[in-house]
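Notes follow the structure.
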Amino acid sequence: MARYIFITGGVVSSLGKGLASAALGALLQARGYSVRLRKLDPYLNVDPGTMSPFEHGEVFVTDDGAETDLDLGHYERFTGVAARNTDSVSSGRIYSTVLEKERRGDYLGKTIQVVPHVTNQIKEFLNIGDDEVDFMLCEIGGTVGDIEGLPFFEAIRQYAHDRPRGQCIFMHLTLLPYLAASGELKTKPTQHSVKELQSIGIAPDVLVCRSEHPIPDKEREKIALFCNVRKEHVVAAYDLKSIYEAPLAYHEQGLDQAVLDAFQIAPAPKPDLSRWLDVYDRVHNPEGEVKIAIVGKYVQLEDAYKSFKEALTHGGMSNRVKVKVEWVDAEIFDSEDAAPHLEGYHAILVPGGFGERGTEGKIKAAQFAREHKIPYFGICLGMQMAVIEAARNVLGIKTAGSEEFDHESGEKRFEPVVYHLKEWIQGNHMVARKTDDDKGGTMRLGSYSATLAEGSKVAAIYGTTSIEERHRHRYEVDTKYRAQLEEKGLLFCGMSPDGKLPEIVEWTDHPWFIGVQFHPELKSKPFAPHPLFADFVRAAVEVSRLV
Ligand code: GLN
């Protein structure tokens, strides 16, 4: 039976609950425990798959094909534990399951209510995989007191009550604002937030207090007294230069010790922090710097490209350089020359995306990189743009485009070099879709294998010819022009095992020009950078040495 740690937040949002949870997971692993991290989100969407990246940040895809919150990306990057479909749930999913059951008649004529039916459904979700790990860390989205979060808070209260004593603890994150005029840290918002939590029957065991200034002993004592937690369980969270310092910083502040104390685990196993010390060293002692452009459409919100940025950072760590990521809005040069916007970068990455907006700019970015021999990494839509660019400018098919754009505009304007995929093999069965299917969860999603061509650049980078990577797309590069493109040097060097779907393309006469249909950024970790990102940054370093 796993021990459960429920992580909640108060005072304000965006305190870094996800990061604190991920860092705590990493610290428990460092002490020899197995962990799994989960996110319970109070919003009503069934999953974040249909939410705009502008609003919600990136969608993180799991091996088993779930579209989840970007916090699951943090969890995976810090613990290396591959997230699953059952590691994320929203009110929308809970309610739709309850309503399905009601329609099926599972509740036998009862009146369906938030308590107990919705809360029971949440508790059922919490139980999944309970016998697999030592610690289950469950983060509740939003802040205490939010109307939509109430069923989740009620469910975790009941859950802790149902289990044997000492099996569950509550960790609460708050903010200590600093009043410059009086030079003081204020504890009142934290007191109010804990009071709110207590009013719904939850007493926190550990308090994590975000603060821009050192927390004096006197304030710590005050918080402990008024919030009814032990003084050593009031843990400071200070701002960090890099998120990858979080495990060491939290360890220094005593978070893992406080958690083990709260479970009365004594003596606590000694931690092995070598992995994080190495990560720290690589972040803080780079031997150079490269400048990489991410040419995309959702550039106003950095969270929309979270995993890309992190994977580039990991690539930098593996080469011991700092990667300076700059965001370039592809739309700006949709109808003008791209060169002035792209000169000066050591490499260009075109990430995934949906819809036609900004695609002409991305095609120009691919052309610029190909012609100027600048390293180019095209991911998902970025690969599709690279193939369209080759079809237009190398094969001379001027109207080459993607069916996605025609579907969006409702008129036939393009010769589809990228087409809508309606049938494919997943494992050992066939999946079928229609053009007008619901938008939620109907893409080619999750982990698929690919076979790489012997002797190709990518096979050398991966060190193998058989890989598994995560997908999230509806459209696919057509093999119709494969022979013509390969003749010109654009090699289809990665294919689905049945040989039908192009997974990777590379320009053979270019130092580093690779397009992948999948999302390698989702699997990169600071302590195990993804080989493609590590090699892409290496290629950028080479360019930086030439200039
Ligand atoms: N819009 C493209 C498709 O659906 C690419 C998706 C992506 O980049 N994730 O195929």
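Read the numbers this way: they start at 1 and go in the same order the structure lists the ligands and their atoms. It should be emphasised that the depicted structure is a prediction, and the values quoted were computed from it without experimental measurement. When reading the values below, keep in mind they use all heavy atoms of this one structure, side chains included, and skip hydrogens, waters and symmetry mates.
- Nearest non-hydrogen protein atom to atom 10 (O) of ligand 1 is Tyr475 N, 2.8 Å.
- Geometrically, ligand 1 and Glu404 share a nitrogen or oxygen pair separated by less than 3.5 Å.
- Looking at ligand 1, you won't find any N or O of Gly352 less than 3.5 Å from one of its N or O atoms.
- Among all protein heavy atoms, the one lying closest to atom 4 (O) of ligand 1 is Arg474 N, 2.9 Å.
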Legend entry - Derivation of the side-chain contact (heavy atoms from CB on, under 4.5 Å) call for Phe135 and Val133: CA-CA 6 Å; Phe135 287 96; Val133 286; 5.9 Å; no

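- Backbone and side-chain nitrogen or oxygen atoms of His519 are examined, and one is located within less than 3.5 angstrom of a nitrogen or oxygen of ligand 1.
- The parts of His473 lying near ligand 1 are both backbone and side chain, judged by heavy-atom distances below 4.0 Å.
- For Arg282 and Tyr244, the positive end is not near the middle of the six-membered ring at less than 6.0 Å and at most 45° from its axis.
- Checked for salt-bridge contact, Lys324 and Glu326 meet the test: a charged N lies under 4.0 Å from a carboxylate O.
- Contact analysis leaves Met443 out of contact with ligand 1, as no non-hydrogen atom separation drops below 4.0 angstrom.
- In this structure, the protein non-hydrogen atom closest to atom 7 (C) of ligand 1 is Cys380 SG, 3.0 Å.
- For ligand 1, the polar-atom distance check finds an N/O of Gly353 within less than 3.5 Å of one of the ligand's N/O atoms.
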